[in-house]
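Structure first, then comments.
Counting starts at 1 for both ligands and their atoms, following the listed order. We number each residue from 1, following the sequence as shown.
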Amino acid sequence: EKKKIDLPAYASWKNADSLIIHSANTMETKRNAFGSGVITPLDRLFVRNNISPPSEDIVADPDVWQLQIEGVKNPVTISVAELKTLGVTTVAMVLQCSGNGRAYFPSKPSGTQWTVGAAGCVMFTGVPVKAVLEHVGGMNADAKYMTGTGGEPIPEGLDPNTIQVERSVPLEGIENALLAWEINGEPLPLAHGGPLRLIVPGYTGVNNVKYIKRLAFTTEQSAANIQQTGYRLAPQGEKGAPTQKSVWEMPVKSWITHPGEPDAKLKAGNLQIQGLAMGGTSEVTGVEVSVDGGKTWKKAEFTGPDLGPFAWRQFVLPVNLKAGTYTLASRATNKAGDEQPAERLENNRGYLNNSWNDHALTITVA
Ligand code: MSS
């Protein structure tokens with residue numbers, strides 16, 4: 001039997017009943033607990049920290065937090081208060097861990113055994129990175145990456161590269177990126193990266209650096225392990241290496257949330273099959289639902305508001321089911337023409353699982 005883990009102090013305000021708490025630094029939303037709105041309530045949103053978060057003190061007065069900007073014409077150290085004068089925008093987007101869906105890999109990769117819930121659709125408010133770049137005279141001509149450094153204190157004597165959360169994304173990521181101080185209209189809590197967080201819409205969770213202390217426009221990717229060998233699409237059985245693809249953009253994906261329990265026991269008759277569909281870097285355009293494990297498909301309808309290309313859409317397919325056993329699956333497509341695949345892309349650490357087969361669930365109707 002699994003030992004019940006309590007919420008850690010920095011996330012004590014979370015709704016424990018809505019979460020699967022894997023550890024003090026990893027908790028995910030239960031499949032049936034995303035809520036009926038398009039935006040994920042903060043107290044149900046997943047949390048993932050690669051190392052323990054900094055002290056709560058850093059969010060006491062967010063405006064005084066300092067960000068170093070490098071690799072630009074006029075390097076500066078700038079406060080959140082000053083950043084707030086440079087521009088403001090809000091983006092609705094899916095925040096999803098690179099390893100969401102890892103639990104469904106038959107190869108059992110190491111790492112948190114996330115099912116569907118290391119993801120949420122949230123609204124971040126902050127200043128566009130482009131506006132900040134304008135303020136500092138633009139990036140250096142030889143820059144190839146935008147590199148963000150997390151503000152966790154590094155214990156003395158330790159090589160920072162071994163634990164520092166420092167990620168580089170290609171320059172295309174800048175287009176929609178922001179430095180955010182709010183989430184869902186509230187000051188960014190420590191658990192989600194307050195006082196200031198780098199947001200790269202369309203990119204997996206790890207690229208959205210929390211408590212960012214340095215933003216640099218660099219010719220090389222970060223030397224930190226988390227960039228060089230971590231979050232790489234390594235072949236099964238092989239270690240991560242800089243020669244392999246980095247985990248950056250998210251692929252098209254969907255899953256069913258109602259009925260949201262794999263062993264749901266339901267009454268025969270009408271059922272509203274509901275779920276969530278995301279396009280990744282290109283807006284989601286359609287979703288189909290199957291009740292026979294993917295043999296036949298029916299077009300589902302989107303419900304709820306369309307909050308833009310980076311948000312997810314809610315969908316529904318009304319069905320009438322006789323007594324029996326059904327395997328429910330959903331399959332999304334995006335504007336770029338990508339269709340959610342039947343099979344996962346095998347990789348050693350279990351990243352980017354968007355297989356509709358893996359996310360199917362079997363229900364019994366009596
Ligand atoms: N940041 C920092 N600074 N630190 C850490 O640890 N993590 C990552 C991101 N960022 C980190 C950071 C990850 S890894 C994720 S997912 C995310 O974050 C999460 O978020 P939230 O807010 O939910 O917690 Mo995977 O790809």
Side-chain angles (χ1 to χ4, degrees), residues 7-8 10-11 13-14 18-29 34 40-55 58-59 65 67 93-102 109 111-114 116-124 147-154 160 162-169 177 179-184 186-215 222 224-227 230-233 240 246-251 280 347 349-353:
L7 288 167
Y10 74 88
W13 50 273
K14 293 270 173 184
S18 304
L19 298 164
I20 303 167
I21 306 169
H22 294 284
S23 76
N25 282 334
T26 50
M27 54 206 87
E28 70 170 296
T29 313
F34 287 96
T40 309
L42 265 201
D43 62 355
R44 302 177 184 192
L45 180 64
F46 83 104
V47 176
R48 155 64 161 150
N49 288 306
N50 296 62
I51 52 176
S52 295
S55 152
I58 66 170
V59 290
W65 180 260
L67 174 74
M93 55 164 254
V94 177
L95 180 68
Q96 179 181 223
C97 182
S98 312
N100 197 27
R102 176 181 289 132
T112 305
Q113 296 302 299
W114 305 112
V116 297
C121 186
V122 290
M123 288 196 286
F124 283 109
T147 298
T149 312
E152 289 98 337
I154 307 293
T162 59
I163 63 161
Q164 188 123 68
V165 179
E166 186 174 85
R167 287 286 298 174
S168 303
V169 295
L179 288 160
W181 49 78
E182 256 182 49
I183 186 168
N184 294 358
E186 293 177 41
L188 202 52
L190 184 74
H192 297 296
L196 190 69
R197 181 173 192 173
L198 178 62
I199 295 301
V200 191
Y203 285 59
T204 66
V206 71
N207 301 292
N208 296 264
V209 176
K210 305 195 221 186
Y211 357 95
I212 187 169
K213 65 174 185 190
R214 175 178 169 265
L215 185 70
S222 165
N225 290 357
I226 197 170
Q227 181 75 31
Y231 299 87
R232 295 278 168 177
L233 293 174
S246 195
V247 178
W248 281 328
E249 293 102 332
M250 293 189 285
N347 63 90
R349 292 302 310 279
Y351 296 128
L352 302 180
N353 193 350

[X] side chain near [Y] side chain, heavy-atom distance below 4.5 Å:
X: P53; Y: N25; result: yes
X: Q164; Y: I51; result: no
X: V47; Y: H192; result: yes
X: C97; Y: R102; result: no
X: W114; Y: I20; result: no

Number the atoms of ligand 1 from 1 as they appear, then name those within less than 4.0 Å of a heavy atom of [X], with their elements.
X: C97; answer: 16 (S), 25 (Mo), 26 (O)
X: G150; answer: 3 (N)
X: Y231; answer: 14 (S), 26 (O)
X: S98; answer: 25 (Mo), 26 (O)
X: N49; answer: 6 (O)
X: V47; answer: 23 (O), 24 (O)

Minimum-distance protein heavy atom relative to [atom]:
atom: atom 11 (C) of ligand 1; answer: N50 OD1, 3.6 Å
atom: atom 23 (O) of ligand 1; answer: F46 O, 2.8 Å
atom: atom 1 (N) of ligand 1; answer: K210 N, 2.9 Å
atom: atom 9 (C) of ligand 1; answer: G205 O, 3.3 Å

Looking only at distances, please establish whether an N/O atom of ligand 1 is found under 3.5 Å from an N/O atom of [X].
X: Y211; answer: no
X: V206; answer: yes
X: T204; answer: no

Location of contacts on [X] toward ligand 1, heavy atoms closer than 4.0 Å:
X: E152; value: side chain
X: N208; value: backbone
X: V165; value: side chain
X: R197; value: side chain
X: A118; value: neither

*Is it true that Y351 lies under 4.0 Å from ligand 1, counting heavy atoms only?*
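Flag not set, Y351 not near ligand 1.
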_I'd like to know if G120 contacts ligand 1, where contact means a heavy-atom distance under 4.0 Å to any ligand atom._
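No, G120 has no heavy atom closer than 4.0 Å to ligand 1.
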*The one among R48, H192, E28 that brings a heavy atom closest to atom 19 (C) of ligand 1*: R48
_side-chain contact (heavy atoms from CB on, under 4.5 Å) between V169 and L198, worked out_ = CA-CA 11 Å; V169 295; L198 178 62; 5.8 Å; no
*For the ring pair (Phe, Tyr, Trp, His ring centres under 6.0 Å) test, which of Y351, Y203, W248 pairs with Y231?*
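Going through the options one by one, the only one that passes is Y351.
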If every non-hydrogen atom of [X] is compared with every non-hydrogen atom of [Y], which pair is closest and at what distance?
X: F46; Y: G117; result: CB-O, 3.3 Å
X: L188; Y: V59; result: O-CG1, 4.0 Å
X: E28; Y: V116; result: OE1-N, 3.6 Å

*asked:* Please evaluate residues E166 and V209 with respect to the criterion side-chain contact (heavy atoms from CB on, under 4.5 Å), reporting the C-alpha separation (whole Å), side-chain torsions for both, the decisive distance (0.1 Å), and the verdict.
replied: CA-CA 7 Å; E166 186 174 85; V209 176; over 6 Å; no
*Determine, stepwise, if the pair N353 / N100 fulfils side-chain contact (heavy atoms from CB on, under 4.5 Å).*
CA-CA 7 Å; N353 193 350; N100 197 27; over 6 Å; no
_Audit row: S246, Q227, side-chain contact (heavy atoms from CB on, under 4.5 Å) steps and yes/no_ = CA-CA 8 Å; S246 195; Q227 181 75 31; 3.8 Å; yes
